[in-house]
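All residue numbers in this chain count up from 1 along the given sequence.
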Amino acid sequence: MTAYKSDFLRVLNERGFIHQGTNLEGLDARAVKECLTGYIGFDATAKSLHAGSLIQIMLLYWLQQTGHRPIALMGGGTTKVGDPSGKDEQRALLSDDNINGNIASIKTVFDQFLTFGDGPKDAIMANNNDWLSKLGYIEFLRDYGVHFTINRMLTFDSVKLRLDRESPLTFLEFNYMLMQAYDFHALYNRYGCALQLGGSDQWGNIVNGVELCRRKDGAEVFGVTTPLLTTASGKKMGKTESGAVWLNADLFSPYDYWQYWRNTEDIDVGKMLALVTTLPMDEVARLGALAGAEINDAKKILATEATALLHGRDAAASAAATAQKTFEQGGLGGDLPTIGLAAAEIEAGAPVLDQFIAAGLCLSKGEARRHIKAGALKINDLPISEERLLSAPDIVDGAIKLSIGKKKHAIIRVS
């Protein structure tokens, strides 16, 4: 393992964040001598980022924790264009109102990880629409287009992927890498920003920005990327069978978030503890080395620490308590997804499959029927063998527990 002198790169290296860098020795020396300003760009395509963005958020967290200034750059401008990196097709374009609403929602997540303010090390939330929207097309081509060659742009993975699959790549999207390079140039001139961080799929875009700052500003700036993060089974981080693991609580509850990390594959526990928690590395190593039934204790700690960072310690403790009550004691945890039914509706006969759909446990009756055949659809922890109606005997202490297998649960509160 490389012995870095700066706290920033030492922490990133120890915790497994570093994949590539443009001049890591030079960056290390600068980080020892001065307070660096570094940024990561996030496009505002939805009201929330998902857990796949968590690694990048943690990079900004550690940048600030080791004495430097982070910039969370919101892509108010680039979201109007679309990043082709890792995409098979052009994404839908959003209106200004949609984009601004998404940015406002996303900022609530960054508030949990970063300290914003006016101090020299306080985080900044910038919006690249502030400068991209003011660019004149002819002036941009004349002043910046000359620094990019089509030959080189065609070699980038983000472009090659689309061309190899014969997927259309619009000229609009092709401009994205020029705009991202311009972001680095703009942030250097506005804030003295000398570092861009990002995922490995952004390497080509980052190198473009480093090169543009050298050509236009005569400055040495730096780029660092993180490894492409997948689970041991090859799944992308931040995705589940039922969809994205959103970071905003109104889209993905703290309980569900806790459960997502609780279900981490055994072999990934140590890696995830290093990346998405702030536990000391000696404790990470101890927990990651647990085996057999003890690895479940490490998973619970991972889930609680990750949830506490995002949603607060109280929400994490509540989620952990709900999980224990639900899974270990067979009870009805208060944080489970809940729907309501009137007692009269149950007396009249409420179709059980409809309730599983209403609770979000199944997407369709066909899916629910497949779970019945597999013996996985349960009422009050007991499998049912056929479609039926809910009835008064199903009500226990004013509630009915719905389950799919061992991990998906919901509650019907009867009034």
Side-chain angles (χ1 to χ4, degrees), residues 1-42 53-73 109-126 184 187-188 191-200 202-203 206-207 209-210 213 219-227 229 269-289 301-302 305-306 308-310 313:
M1 182 177 288
T2 304
Y4 292 108
K5 296 179 181 178
S6 66
D7 288 342
F8 173 57
L9 285 183
R10 179 181 51 78
V11 168
L12 260 56
N13 196 42
E14 287 177 349
R15 303 187 83 92
F17 284 99
I18 298 177
H19 178 61
Q20 290 172 293
T22 56
N23 176 8
L24 291 174
E25 289 185 5
L27 174 60
D28 191 37
R30 286 273 291 275
V32 168
K33 292 189 300 183
E34 61 188 78
C35 172
L36 287 173
T37 299
Y39 88 98
I40 300 177
F42 301 87
S53 298
L54 194 59
I55 302 305
Q56 312 312 318
I57 296 173
M58 292 303 296
L59 282 176
L60 294 179
Y61 171 86
W62 287 117
L63 183 67
Q64 186 168 51
Q65 293 298 312
T66 54
H68 305 284
R69 181 171 64 162
I71 298 176
L73 178 65
V109 166
F110 282 99
D111 287 334
Q112 305 303 311
F113 292 87
L114 303 176
T115 300
F116 290 90
D118 299 321
K121 298 176 183 178
D122 286 340
I124 297 167
M125 178 162 278
F184 205 166
L187 290 170
Y188 174 80
Y191 303 108
C193 182
L195 172 64
Q196 183 180 175
L197 302 153
S200 59
Q202 295 296 318
W203 177 247
I206 290 174
V207 170
V210 169
C213 289
E220 182 182 21
V221 296
F222 306 92
V224 175
T225 64
T226 59
L229 191 62
V269 171
K271 177 173 67 175
M272 295 305 180
L273 280 164
L275 292 171
V276 305
T277 81
T278 60
L279 291 175
M281 284 306 293
D282 55 353
E283 179 67 359
V284 168
R286 183 188 73 80
L287 292 170
I301 292 172
L302 166 62
E305 293 301 314
L309 265 180
L310 177 62
R313 186 63 62 179

Scanning both residues in full, the closest heavy-atom pair of Gln112 with Leu310 reads CG-O, 3.2 Å

Could you tell me whether the side chain of Arg15 and the main chain of Ala274 form a donor-acceptor pair under 3.5 Å? yes

Output the distance between atom CZ (Phe17) and atom OG1 (Thr225), rounded to the nearest 0.5 Å. 13.0 Å

What is the distance from atom CE of Met58 to atom CD of Gln65, rounded to the nearest 0.5 Å? 8.5 Å

Could you give the distance from CG (Leu275) to CD1 (Ile55), rounded to the nearest 0.5 Å? 4.5 Å

Kindly indicate whether the side chain of Ile18, heavy atoms from C-beta on, has any atom under 4.5 Å from the side chain of Leu24. yes

Result of checking Tyr39, Phe184, Phe42 against Leu73 for side-chain contact (heavy atoms from CB on, under 4.5 Å): Tyr39

Considering non-hydrogen atoms only, spot the tightest contact between Ser200 and Pro227 and give its length. OG-C, 4.1 Å

Non-hydrogen atoms of Cys193 and Val221 that approach each other most closely: O-CG1, 4.1 Å

Can you check side-chain contact (heavy atoms from CB on, under 4.5 Å) on Tyr4 and Leu12, steps first, answer last? CA-CA 10 Å; Tyr4 292 108; Leu12 260 56; over 6 Å; no

What are the two closest non-hydrogen atoms of Asp122 and Phe116, and how far apart are they? CB-C, 4.0 Å

Expected output: side-chain Arg69 to main-chain Tyr191 donor-acceptor under 3.5 Å: yes

Which value, rounded to the nearest 0.5 Å, describes the distance between Ile57 atom CD1 and Phe110 atom CZ? 4.5 Å

Check step by step if side-chain contact (heavy atoms from CB on, under 4.5 Å) holds for Ile301 and Leu279. CA-CA 10 Å; Ile301 292 172; Leu279 291 175; 3.9 Å; yes

Looking at CG of Leu273 and OG1 of Thr278, how far apart are the two atoms once the value is rounded to the nearest 0.5 Å? 10.5 Å

Pairs where residues 109-120 contributes a residue and the test salt bridge (Lys or Arg N to Asp or Glu O under 4.0 Å) is met, not counting sequence neighbours: Lys107-Asp111

Side chains of Leu302 and Val276: closer than 4.5 Å at any heavy-atom pair? yes

Is there side-chain contact between Arg10 and Asp7, with heavy atoms separated by less than 4.5 Å? yes

Hey, does the side chain of Gln64 reach the backbone of Lys121 with a donor-acceptor pair shorter than 3.5 angstrom? yes

What's the shortest heavy-atom distance between Gly192 and Thr37, and which atoms? O-CB, 4.2 Å

Is the closest side-chain heavy-atom distance between Leu63 and Leu195 below 4.5 Å? yes

Measure from the side-chain N and O atoms of Thr22 to the backbone N and O of Gly223, and report whether any donor-acceptor pair falls under 3.5 Å. yes

Taking the side chain as every heavy atom from C-beta outward, state whether Val269 and Leu287 have any pair of such atoms under 4.5 Å apart. no

Would you say CD of Glu25 has more than 12 non-hydrogen atoms from neighbouring residues, nucleotides or ligands within 6.0 angstrom? no

Taking only Lys NZ, Arg NE, NH1 and NH2, and the carboxylate oxygens of Asp or Glu, determine whether Glu305 and Arg313 approach each other closer than 4.0 Å. yes

Rounding to 0.5 Å, atoms CG (Leu27) and CG (Leu36) come to a distance of 6.0 Å

Exercise: do Thr226 and Gln56 side chains pair donor with acceptor under 3.5 Å: yes

For Ile206 and Val224, which heavy atoms make the closest approach, and how far apart are they? CD1-O, 4.1 Å

